[in-house]
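I have placed the structure first, in the form of structure tokens, so that the comments after it can refer back to it.
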Amino acid sequence: MDVDWNAEVVDQIDVHWRERLRPRLEGLSDDEYFWQPVADCWTLSRRGESSAPISFGGGEFTMDYAEPPHEREPVTTIAWRLAHLIGGMASTNDIDTYCYAGTASEALRQLDDEYATWLDGVRRLGTAGLAAPQGEPPAFAHAPMAKKILYTNVELIHHGAEICLLRDLYLRLGSAQ
């Protein structure tokens, strides 16, 4: 049996996106977007207001960051996690100059746009494109493009689930604070 591996890879993430993740993001409020369930969360901060060792971004909001290893892995806000996903899908984004969203609705628009562009690019790869070498970064230059695409699928599923959990916690804990 011949398998259309490109169709399988696209189907895996697109079904997850359409049926599980994206519907759960509807109605995301700015309060949820920036909610910090514990002290010292990494988030998006107005330029100059971050307490993180490093902050990236070219607009009014910057993304908190620090080079690993971390004494303790930081807890991150929905804003940070969405920015991470948006950046991961848009390999042309330069984290130093990217304009991160200061509102939940703008972040969801960015996410929708980058997801649509990314998925279209994956579809255009076809099976032969999935087998082609990545080329970049140098550590993965000879690895098949499928490795990068599947890694991005995992990131979207993993961080999307974390965002949904944060929303569940916010509804039960955060909105009562």
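Scope of the values below: all heavy atoms of this structure, side chains included, with no hydrogens, waters or symmetry mates.
- Nearest heavy-atom pair across Cys164 and Arg24 is O-NH2, 3.3 Å.
- No more than 12 heavy atoms of other residues, nucleotides or ligands sit less than 6.0 Å from atom NE2 of His142.
- A salt bridge is absent between Asp14 and Arg22; no separation between the charged side-chain nitrogens and carboxylate oxygens falls under 4.0 Å.
- A 6.0 Å sphere centred on CG of Asp40 holds no more than 12 heavy atoms belonging to other residues, nucleotides or ligands.
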Quick one: do Trp80 and Met63 satisfy side chain to side chain contact (heavy atoms under 4.5 Å, CB included)? Show the steps, please.
CA-CA 7 Å; Trp80 191 95; Met63 183 177 180; 3.4 Å; yes

Give the intermediate values and the outcome of side chain to side chain contact (heavy atoms under 4.5 Å, CB included) for residues Cys41 and Thr76.
CA-CA 5 Å; Cys41 285; Thr76 57; over 6 Å; no

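- Using cut-offs of 30° and 60° for the angle between ring planes, the His84 and His159 rings count as perpendicular.
- No side-chain heavy atom of Met89 sits less than 4.5 Å from a side-chain heavy atom of Thr117.
- A donor and an acceptor atom, one from each side chain of His158 and Glu162, are located under 3.5 Å apart.
- With contacts defined as side-chain heavy-atom distances shorter than 4.5 Å, the pair Trp17/Asp112 qualifies.
- Contact detail for Ser55 and Thr62: the closest heavy-atom pair is CB-OG1, 3.5 Å.
- Between Tyr115 and Trp118, the angle of the ring planes lies from 30° to 60°, which puts this pair in the tilted group.
- Cluster membership for Leu111 and Leu165, using ILVMFWY side-chain heavy atoms within less than 4.5 angstrom, is shared.
- The two residues Ala131 and Pro144 make their nearest non-hydrogen contact at O-CB, 3.9 Å.
- Considering every non-hydrogen atom in both Lys147 and Phe140, the closest pair reads CE-CE2, 4.0 Å.
- We find the CD-CD1 distance between Gln134 and Ile149 to be 8.0 Å, quoted to the nearest 0.5 Å.
- To the nearest 0.5 Å, atoms OG (Ser29) and OH (Tyr170) are separated by 4.5 Å.
- Looking at heavy atoms from C-beta onward, Leu44 lies in side-chain contact with Tyr33 at the 4.5 angstrom threshold.
- Distance CZ/Arg167 to CZ/Arg172: 11.0 Å, rounded to 0.5 Å.
- Defined by atom type and a distance below 3.5 Å, a donor-acceptor pair is present between the side-chain atoms of Thr43 and Thr77.
- A side-chain donor-acceptor contact under 3.5 Å links Ser50 and Asp64.
- Counting only distance, with no hydrogens or angles, the side chain of Arg81 and the backbone of Leu166 share no donor-acceptor pair below 3.5 Å.
- The shortest heavy-atom contact between Pro23 and Arg18 is CG-O, 3.2 Å.
- One finds the CG atom of Leu150 at 11.5 Å from the CE atom of Met145 (value rounded to the nearest 0.5 Å).
- No donor-acceptor distance shorter than 3.5 angstrom exists from the side chain of Glu19 to the backbone of His16, with no hydrogens or angles considered.
- Distance alone, capped at 3.5 Å, places no donor-acceptor pair between the Glu67 side chain and the Pro53 backbone.
- Under the 4.5 Å side-chain criterion, counting only non-hydrogen atoms from C-beta, Val75 is in contact with Pro37.
- Residues Leu82 and Leu28 are in side-chain contact: their nearest non-hydrogen atoms beyond the backbone lie under 4.5 Å apart.
- Hydrophobic clustering, with ILVMFWY side chains joined whenever heavy atoms are under 4.5 angstrom apart, groups Leu21 together with Leu169.
- Using a 30° and 60° split on the angle between ring planes, Tyr65 and Trp42 fall in the tilted class, from 30° to 60°.
- Here the CG-NZ distance, from Leu125 to Lys148, works out to 10.0 Å after rounding to the nearest 0.5 Å.
- When every heavy atom of Leu130 is checked against every heavy atom of Asn6, the shortest pair comes out as CD1-CA, 3.5 Å.
- One distance of note links CZ of Arg20 with CG of Leu25; it measures 14.0 Å at 0.5 Å rounding.
- In this structure, Phe61 is a member of the same hydrophobic cluster as Ile54, with clusters built from ILVMFWY side-chain heavy atoms closer than 4.5 Å.
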Going through the distances and angles, do Ile86 and Tyr98 end up as a side chain to side chain contact (heavy atoms under 4.5 Å, CB included)?
CA-CA 10 Å; Ile86 291 163; Tyr98 191 75; 3.3 Å; yes

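- Side-chain atoms of Ile78 and Phe34, non-hydrogen and from C-beta on, never get closer than 4.5 Å to each other.
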